[in-house]
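Some notes on the structure that comes next.
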Amino acid sequence: MAQFWKPGTEKPRLLDDGEGGVLFFSSSYSSSSSGFGFSSTEKQRQRLPVYKYRTAILYLVETHATTIIVGETGSGKTTQIPQFLKEAGWADGGRVIACTQPRRLAVQAVASRVAEEMGVKLGEEVGYTIRFEDLTNPDVTRVKFLTDGVLLREMMDDPLLTKYSVIMVDEAHERSISTDMLLGLLKKIQRRRPDLRLIISSATIEAKSMSTFFQMSKRRRGLEGETLEPKVEPAILSVEGRGFNVQIFYLEEPVSDYVQSAVSTVLSIHEQEPPGDILVFLTGQDDIDAAVQLLIEEGQNDRKKSELIVLPLYSGLSRAEQDLIFSPTPRGKRKVVISTNIAETSLTLEGIVYVIDSGFSKQRFYNPITDIESLIVAPISKASARQRTGRAGRIRPGKCYRLYTEEYFINEMPAEGIPEMQRSNLVTCVIQLKALGIDNILGFDWPSPPSPEVMVRALEVLYSLGVLDDDAKLTSPIGFQVAEIPLEPMISKMILASGELGCSEEIMTIAAVLSIQSIWASSRGAQKELDEARLRFAAAEGDHVTFLNVYKGFLQSNKSSQWCHKNFINYQAMKKVMEVREQLRRIAQRLGIIMKSCERDTTAIRKAVTAGFFANACQIEAYSHNGMYKTVRGSQEVYIHPSSVLFRVNPKWVVYHSLVSTDRQYMRNVVTIDPGWLTEVAPHFYQQRQLSHMPH
DNA sequence: GAGCACTGC
């Protein structure tokens, strides 16, 4: 292997901070406020790198409106800082300390860890809130963990978030849409609430741009000089991590086939390196299955290679298939996990010593002209590369093999990825801002502003749904109701229509199914059986009505997991459908939507679907032999996806829920309609499209 | 007859 690789100079756990203005405090250990002898958890707390910055952090939070903390994994910032704040009195007088996370699992894990360290029952002094689960008690909860999406929802009832004294936004470097929205809105809140403190916690050094972002709000206000106010300039503090060193190797020459290159690197490691599991980052199911296949074939006629346990990992796998990843590696074997980005942040694997990084991942891009989102294989950023590398150093020093050259890493790889906000359709984001009373959407102060074209397109869609009026204000009641329902606006509109059409029971089910990934079980190696199972539920009207048949069968089976397994249905997904449906039913009740079943009248159901998705109407091409459709709106060429029950049935008129773009545009989840309904449910859109009168 | 990185309310 030596001739293929050369050691790099970069050490991933060291921050290459060329940034000025980074504050390093090295105060001595502070004592605990408990006054008791140190318990073992107390000792563990003190060993975390963040512990020696306790005084510094509390000082900075006291004196600065915003504190930016750059901390690598293992620094302990997420679990310790909320406790420091609590001990220092930030939760006195009924105030609450909030800490947001991008993911539900992280919220639960961190909250229970902190409750344990503080010796309190989870849900009392320390609590958490995620969708479907609120483990807090408003009277006693003082430290609250929540997803950033939940905090955004809380702003709809309490726009200034008055009960919180400090809000810590964790994992801000991931730059998800909801984190970015939160940052923009918190900056606005700061102007009205000088008492509020923000802590922005990030794993990368882009702290500088974040600092500039938070600096300006106060300047504009002209607060400088007022003595009682906190400093307008955000503080930046850097905290070291506690990972092990990872040695990095680069390719000497670029390769064209990273799958093949990854496979041969796995084999070289296995031949030449001491025991330790391998994690390979590829881009998607295709790549991963191909690599798994190649490695299994290699193992079939070679004793040494047969010691490899090769496991794929991506979100489409069933729970049981994913759980295989966590089983301990037997003696004399070596586990090789071949994964998508899921292992970069969402899942942590223990026992990984070697990481192989292809340098690519699938990323979403959005084209506002065609209104199509697509997944494209694109180069990752340096920040991602470091994150991947860090996965090798969790238990002991590790090695990372990058399937690109050092020259490429240094000179060509972008420092940071493009924030999700600049790669997505923003319809949901815009309606949330409108609901929060932000009128000037185009002038909103974002950490990374999206293009005006994307914003205008979102406003156009909301206008066509009747959610916004000519002045781009939320309509009443429809606009406010759609904003209240936590789903895509087109699904929410469909729900509202179902109340009037007398089919709300059915539409709630359809809305719940459409809002989750897929109710079908993954079908690796059993495609034919899955297709047959799907046919057992198939309805002539299309996929939406088919979902109703599945849901009915599931209820009749008494929500049996065995029934799901037998019918190639994802049991976890069905449980989620039930949860979402229940939440929707409660919201509908609040909004005064009458719950009613239309029995077997699928006309009402399909009309309700059309009321939300009229913009996705398509007509088949008159002399098409290959099932080509054209969208009514833009004459775009589209095809029914082979997984649809209407595939090869090719009805004349359909509406679809979403497009998958590969070599062709495929419509997923398709239902037949009568074209007459289009002018009936959306006259403004199909009869008098007033292009001159678009909202702005 | 083909394919969906990952979250979240």
Side-chain angles (χ1 to χ4, degrees), chain A residues 100-107 129-134 146-156 171 174-182 281-289 313-317 339-347 358 360-365 373-378 380 384 387 417 420-421 423-424 428-429 431-432 435 482-489 491-492 511-512 515-518 520 522-524 527-528 530-531 576 579-580 583-584 586-587 626-627 639-644 647-650 657-669:
Chain A
T100 72
Q101 295 290 321
R103 280 171 293 280
R104 295 161 51 94
L105 211 64
V107 168
T129 308
I130 54 180
R131 188 185 188 183
F132 307 130
E133 211 180 327
D134 182 8
L146 65 176
T147 50
D148 33 28
V150 168
L151 191 58
L152 280 176
R153 282 277 151 191
E154 284 191 2
M155 288 179 79
M156 285 173 71
E171 313 286 0
E174 289 188 22
R175 307 297 304 273
S176 71
I177 291 180
S178 45
T179 304
D180 272 16
M181 283 179 71
L182 202 53
F281 285 103
L282 296 180
T283 62
Q285 188 174 339
D286 276 356
D287 283 358
I288 291 170
D289 289 344
L313 177 62
Y314 41 85
S315 72
L317 294 176
S339 173
T340 61
N341 254 359
I342 193 170
E344 197 178 300
T345 47
S346 306
L347 274 176
S358 65
F360 289 95
S361 70
K362 279 196 184 173
Q363 294 162 34
R364 178 168 56 205
F365 288 94
E373 284 185 326
S374 34
L375 280 171
I376 293 168
V377 174
I380 62 169
S384 279
Q387 178 77 19
E420 190 186 13
M421 175 143 281
R423 296 183 282 115
S424 312
T428 304
C429 164
I431 194 174
Q432 268 184 306
V482 167
E484 184 127 344
I485 302 173
L487 298 172
E488 300 166 52
I491 296 187
S492 306
S515 74
I516 65 159
Q517 303 260 359
S518 169
W520 305 106
S522 81
S523 61
R524 297 191 325 121
Q527 190 52 55
K528 204 158 150 251
L530 177 102
D531 284 346
K576 195 143 184 225
E579 278 184 327
V580 175
Q583 188 193 25
L584 293 177
R586 281 199 306 270
I587 293 172
N626 57 352
Y639 297 82
I640 293 180
H641 194 280
S643 68
S644 167
F647 179 68
R648 279 200 298 226
V649 177
N650 293 336
H657 169 248
S658 60
L659 287 181
V660 178
S661 53
T662 53
D663 52 330
R664 284 175 172 180
Q665 311 291 343
Y666 286 102
M667 302 183 268
R668 286 189 67 214
N669 298 328

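A quick note: this is a predicted structure, and the numbers were derived from the prediction, not measured.
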Phosphate oxygens OP1/OP2 of [N]: is one of them under 4.0 Å from a side-chain N or O of [X]?
{"X": "A:Arg104", "N": "B:dC9", "answer": "yes"}
{"X": "A:Thr345", "N": "B:dT7", "answer": "no"}
{"X": "A:Ser643", "N": "B:dA2", "answer": "no"}

Measure [atom1]/[X] against [atom2]/[N] and give the value in whole Å, please.
{"X": "A:Tyr639", "N": "B:dG3", "atom1": "OH", "atom2": "P", "answer": "13 Å"}
{"X": "A:Glu579", "N": "B:dG8", "atom1": "CD", "atom2": "P", "answer": "12 Å"}
{"X": "A:Ile491", "N": "B:dG8", "atom1": "CD1", "atom2": "C1'", "answer": "14 Å"}
{"X": "A:Met181", "N": "B:dT7", "atom1": "CE", "atom2": "P", "answer": "20 Å"}
{"X": "A:Leu151", "N": "B:dT7", "atom1": "CG", "atom2": "P", "answer": "21 Å"}
{"X": "A:Asp180", "N": "B:dT7", "atom1": "CG", "atom2": "C1'", "answer": "14 Å"}
{"X": "A:Asp134", "N": "B:dC9", "atom1": "CG", "atom2": "P", "answer": "12 Å"}
{"X": "A:Leu313", "N": "B:dC6", "atom1": "CG", "atom2": "P", "answer": "8 Å"}

Would A:Glu174 and A:Arg103 count as a salt bridge (charged side-chain N to carboxylate O under 4.0 Å, His left out) here? Give the steps. CA-CA 11 Å; A:Glu174 289 188 22; A:Arg103 280 171 293 280; 2.8 Å; yes

Which nucleotide wins on minimum distance to the side chain of [X], given the candidates [options]?
{"X": "A:Tyr666", "options": "B:dT7, B:dC4, B:dA2", "answer": "B:dA2"}
{"X": "A:His641", "options": "B:dC9, B:dA2, B:dG8", "answer": "B:dA2"}
{"X": "A:Arg153", "options": "B:dC9, B:dG1, B:dA5", "answer": "B:dC9"}
{"X": "A:Thr428", "options": "B:dC6, B:dG8, B:dA2", "answer": "B:dG8"}

Report which part of the nucleic acid [X] touches: base, sugar-phosphate, or nothing (heavy-atom distance under 4.0 Å, all strands).
{"X": "A:Arg131", "answer": "base"}
{"X": "A:Gln517", "answer": "base"}
{"X": "A:Thr340", "answer": "sugar-phosphate"}
{"X": "A:Ser346", "answer": "sugar-phosphate"}
{"X": "A:Thr147", "answer": "sugar-phosphate"}
{"X": "A:Ile130", "answer": "sugar-phosphate"}
{"X": "A:Leu375", "answer": "base"}
{"X": "A:Asp531", "answer": "base"}

Hey, what do you get for [atom1] ([X]) to [atom2] ([Y]), rounding to the nearest 0.5 Å?
{"X": "A:Ser643", "Y": "A:Met667", "atom1": "OG", "atom2": "CE", "value": "11.5 Å"}
{"X": "A:Ile376", "Y": "A:Ser661", "atom1": "CD1", "atom2": "OG", "value": "7.5 Å"}
{"X": "A:Leu487", "Y": "A:Thr428", "atom1": "CG", "atom2": "OG1", "value": "9.0 Å"}

Looking only at side chains, do A:Asp289 and A:Tyr314 share a donor and an acceptor under 3.5 Å apart? yes

Relative to the 5' end of DNA chain B, which residue comes earlier, A:Pro642 or A:Thr129, by the nucleotide with the nearest heavy atom? A:Pro642

Both A:Arg664 and A:Leu105 contact DNA chain B. Taking the nearest nucleotide for each, which residue is further toward the 5' end? A:Arg664

Describe, in one word, how the ring planes of A:Tyr666 and A:His641 are oriented to each other, choosing from parallel (under 30°), tilted (30 to 60°) and perpendicular (over 60°). perpendicular

